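Data block below; observations after.
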Amino acid sequence: MLGTAPTMSVPATPARGARAAFRRPGDAATVPPGYYEVLEPLLPQVRKPAQYVGGEHNQVVTPWLAAQTRWLLCYPDTYEVGQPNQGIQILYELLNERATALAERAYAPWTDLEALMREQGIPAFSLESHRPVWAFDVFGVSLPHELGHTNLLNLLDLGGVPIHADRRTAEDPIVLVGGHAAYNPEPLAPFVDAAVMGDGEQVTLEIDDVVRAWKAAGGSDRRQLLRELARVEGVYVPAFYEPRYTPDGRLKQTVPIESGVPTIVPKRTIQDLEEWQYPQKQIVPMTETVHERFSVEIFRGCTRGCRFCQAGMITRPVRERRPETIQKLVEEGVRNTGFEEVGLLSLSSADHSAIGPVARDLADAYEGTVTSLSLPSTRVDAFNVTLSNELSRNGRRTGLTFAPEAGSERMRAVINKMVSEADLLRTAEVAFSEGWRHIKLYFMVGLPTERDEDVLAIADLGIKTYEIARRHGRANKVTISVGGFVPKPHTPFQWAAQDSPEEIKRKLSLIRHAIKDHGGLKLRTNDPEEGVIEGLLARGDRRVAAAVERAWRLGARFDGWHEMPTLDTWRQAMAETDVSLEWYSHRERDEKEALPWDHLDSGLEKSWLWEDWQDARSDKQLDDCRWSPCYDCGVCPGLSIQHDTGYTGGFQLPVLPSHLGGKDTLPTTPERYASGG
């Protein structure tokens with residue numbers, strides 16, 4: 001007996017075949033039980049109980065009987081990790097604005113609560129009404145990375161939903177995945193009903209329309225519902241496709257086996273972010289989370305062309321929000337939430353063509369208040385000390401973070417990270433001279449074509465930066481963080497071999513030895529074995545699904561957490577299911593080999609990605625396509641959308657202040673923004 005018995009009986013989960021009444025639209029439905037009263041007595045026995053309580057400011061609780069469709073949006077990790085997720089916050093608002101829909105949220109219970117829930121018969125539940133997963137029409141799961149796959153299976157099982165899609169009936173939710181890891185959903189193909197690729201705002205409402213119409217028509221044929229979902233652009237239904245293999249075990253092709261479904265499924269892209277001004281009423285967490293701030297996405301997409309970066313590739317083209325819209329969203333968001341920090345989000349926030357005026361106007365608006373501003377993602381070559389000083393007007397100048405990614409100029413040419421050592425050292429000089437006290441530098445090892453001298457260059461760059469820091473104050477700090485590279489689909493490095501954990505460890509030891517005489521220079525590393533599972537799932541095909549299920553049944557959960565070392569479990573699962581890590585992760589693919597995601601169109605031409613892979617291997621860089629001739633990657637013509645940036649051509653923020661030969665004033669909007677807006 002693990003826990004104290006609830007003070008009242010746990011509502012019985014209806015048997016399969018008796019759940020249709022809960023799914024009826026509107027007031028024809030039966031209201032499913034809420035489980036809070038039986039959950040509450042158990043909470044003193046688990047860590048961080050506040051994460052299971054709900055009741056946050058700005059959450060929406062719609063009566064069950066008032067909705068035609070009912071969504072449960074899920075981030076398959078703990079509340080503290082998943083609560084700030086922007087994608088779920090946006091879809092939550094969009095769906096709850098509809099008079100016909102309700103949307104609630106779910107997160108993965110930590111293992112202590114899961115054990116109690118299984119003992120007491122409490123199903124996985126929503127945070128708003130503590131209703132069970134099995135009662136909702138759609139279980140929509142955001143997959144920002146691959147390390148939540150076993151948690152997804154666990155949530156289905158704990159929530160009373162069959163983990164295999166082919167065993168679900170019309171009384172089960174549609175299990176839908178989205179997010180970056182959904183660009184290769186094949187390792188999850190037996191477990192999900194559909195995957196959505198691309199921007200979620202518009203397609204989610206279209207899916208809701210389909211589900212509502214199907215229910216209104218008395219929907220009892222689940223396969224017919226899947227057929228209708230497959231007709232929505234950007235929705236991939238794995239059950240309607242089948243992989244074919246060559247005699248040597250390589251993938252030959254993935255083909256449709258259902259008439260009327262597309263051979264290639266395109267991603268969804270919304271052209272104008274101005275039409276989707278969300279979130280406006282961001283939910284304020286009840287307990288500590290990884291990010292506690294109001295976040296505004298100032299633009300989507302990236303054209304820098306870093307060859308390792310899946311997010312930069314699959315979110316093209318660039319689409320900016322207008323400065324006045326950003327200002328409005330920030331003002332309303334701060335007023336609606338009370339957050340004291342505002343994050344201006346994007347893949348490289350200083351690249352917004354009007355970032356200078358945006359930062360200055362917001363700093364003016366909040367000067368003298370407790371509200372601070374931050375740019376969570378800034379490139380070295382886009383860094384500007386005046387901009388940073390504007391953003392830190394209400395706060396201390398503590399730390400700056402940059403990601404050179406590689407130590408040597410050659411290696412940065414391979415990955416197309418066009419940042420020079422001179423840029424970085426000059427930025428460090430300026431930052432420390434202006435009163436900043438700490439610089440963190442992020443690097444990767446295990447990159448394609450990497451040599452030991454490239455690895456040692458990481459240590460050398462860290463030492464040079466640290467020497468600059470010490471010149472400006474003995475208390476100044478430099479930290480270098482180094483992780484192992486994991487190749488991802490839809491990038492030029494999708495054909496590359498991934499380094500083994502042993503090789504990553506050897507390279508990290510080179511760095512550690514090289515900096516041992518510089519005691520003030522801090523080195524942080526990730527466990528080299530953490531990339532093993534991520535690498536397998538990122539580029540796996542449907543045969544890997546057997547290992548996912550076996551690993552979950554053996555107890556794998558929270559694969560990305562240090563507290564949960566699950567690699568041995570996964571190795572056992574791979575051995576039992578005949579899944580070879582060498583085959584999926586540590587070998588290089590050739591041009592002719594079909595890839596498991598070839599039938600899913602991110603907009604990027606496979607031929608262009610291959611050409612860029614060849615350029616990488618010859619150390620050839622490509623300039624940012626916002627101010628260079630089009631490289632024909634395929635995104636813009638394929639979607640009839642061009643990069644929406646307003647750049648007039650090649651204009652970036654000046655790095656240096658005037659006393660070092662630069663300028664102190666930030667560029668005006670007309671200088672950077674073509675419309676002059």
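Just so it is clear, the values below take in all heavy atoms, side chains as well, and ignore hydrogens, waters and symmetry mates. Everything numeric here is computed off the predicted structure, so don't read it as measured data.
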Tell me if a side-chain donor or acceptor on [X] pairs with a main-chain N or O of [Y] at a distance below 3.5 Å.
X	Y	value
His518	Gly520	no
Asn526	Gly483	no
Arg268	Gly200	no
Asp77	Ala108	no
Asn416	Arg307	no

When rounded to the nearest 0.5 angstrom, what distance separates [atom1] in [X] from [atom2] in [Y]?
X	Y	atom1	atom2	value
Ser372	Arg293	OG	CZ	10.0 Å
Glu467	Leu521	CD	CG	9.5 Å
Leu127	Cys74	CG	SG	11.0 Å
Ile283	Lys281	CD1	NZ	12.0 Å
Thr337	Glu332	OG1	CD	11.5 Å
Thr204	Leu176	OG1	CG	7.5 Å

Qualifying residues under side chain to side chain contact (heavy atoms under 4.5 Å, CB included), relative to [X], sequence neighbours excluded:
X	value
Val486	Lys488, Gln498, Glu534
Thr325	Glu274, Gln277, Arg321, Arg322, Leu329
Arg47	Trp110, Asp112, Trp561, Glu563
Ala50	Thr287

Got a sec, which residues hit ring-ring contact (aromatic ring centres under 6.0 Å, His included) with [X], two or more places apart in sequence or on another chain?
X	value
Tyr79	Tyr107
Phe485	Phe493
Tyr183	His490

What heavy-atom pair brings [X] and [Y] nearest, and what distance separates the two atoms?
X	Y	answer
Val358	Pro323	CG2-CB, 3.8 Å
Ile298	Ser349	CD1-O, 3.6 Å
Pro84	Val290	CG-CG2, 4.0 Å
Asn336	Asn58	O-ND2, 3.0 Å
Ile458	Ala406	CG1-C, 4.5 Å
Cys302	Thr315	N-OG1, 4.1 Å

Do we see a donor-acceptor contact under 3.5 Å between the side chains of [X] and [Y]?
X	Y	value
Ser129	Glu104	yes
Glu530	His562	yes
Ser295	Gln282	no

By side-chain hydrogen bond (donor to acceptor under 3.5 Å, both in side chains), which residues pair with Arg524, not counting sequence neighbours?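 If we apply the side-chain hydrogen bond (donor to acceptor under 3.5 Å, both in side chains) test to Arg524, skipping adjacent residues, there are no hits.
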With sequence neighbours excluded, what pairs up with Thr401 under the side-chain hydrogen bond (donor to acceptor under 3.5 Å, both in side chains) test?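 Here no residue qualifies.
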Could you give me the CA-CA distance, side-chain angles and deciding distance for Gln83 and Gln51, then say whether side chain to side chain contact (heavy atoms under 4.5 Å, CB included) is met? CA-CA 9 Å; Gln83 195 279 342; Gln51 64 182 313; over 6 Å; no
Show the numbers, then the answer: is there a salt bridge (charged side-chain N to carboxylate O under 4.0 Å, His left out) between Arg412 and Glu409? CA-CA 5 Å; Arg412 287 193 291 274; Glu409 300 282 4; 3.4 Å; yes
Between [Y] and [X], is there a side-chain heavy-atom distance shorter than 4.5 Å?
X	Y	result
Met418	Cys306	no
Leu441	Pro404	yes
Leu362	Leu344	yes
Glu297	Ser346	no
Glu341	Ser374	yes
Phe339	Val284	yes
Tyr631	Asp623	yes
Ile468	Ile439	no

Give me each pair satisfying ring-ring contact (aromatic ring centres under 6.0 Å, His included) with a member in residues 287-309, each pair once, sequence neighbours excluded.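 For residues 287-309, and leaving out neighbouring residues, there are no ring-ring contact (aromatic ring centres under 6.0 Å, His included) pairs at all.
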Derivation and outcome, side chain to side chain donor-acceptor pair (under 3.5 Å), residues Thr303 and Asp624: CA-CA 6 Å; Thr303 51; Asp624 188 325; 2.6 Å; yes
Chi angles and distances behind the side chain to side chain contact (heavy atoms under 4.5 Å, CB included) call for Gln202, Leu205: CA-CA 6 Å; Gln202 202 167 24; Leu205 298 182; over 6 Å; no
State whether the number of non-hydrogen atoms from other residues, nucleotides or ligands found under 6.0 Å of Glu331 atom CD is greater than 12.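 Count over threshold, so yes.
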Whether over 12 other heavy atoms sit under 6.0 Å from Lys440 NZ: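 It does not: Lys440 NZ has 12 such atoms or fewer within range.
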Less than 4.0 Å between a side-chain N and a carboxylate O, is that true for [Y] and [X]?
X	Y	answer
Lys267	Glu233	no
Lys620	Asp612	no
Glu56	Arg105	yes
Lys464	Asp460	yes
Glu201	Arg300	yes

Any side-chain hydrogen bond (donor to acceptor under 3.5 Å, both in side chains) pairs touching residues 84-99, not counting sequence neighbours?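 Of all non-adjacent pairs touching residues 84-99, those that pass side-chain hydrogen bond (donor to acceptor under 3.5 Å, both in side chains) are Tyr92-Glu128, Glu97-Tyr278, Arg98-Asp208, Arg98-Asp209.
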Got a sec, which residues hit salt bridge (charged side-chain N to carboxylate O under 4.0 Å, His left out) with Asp272, two or more places apart in sequence or on another chain?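 Checked Asp272 against salt bridge (charged side-chain N to carboxylate O under 4.0 Å, His left out); zero matches.
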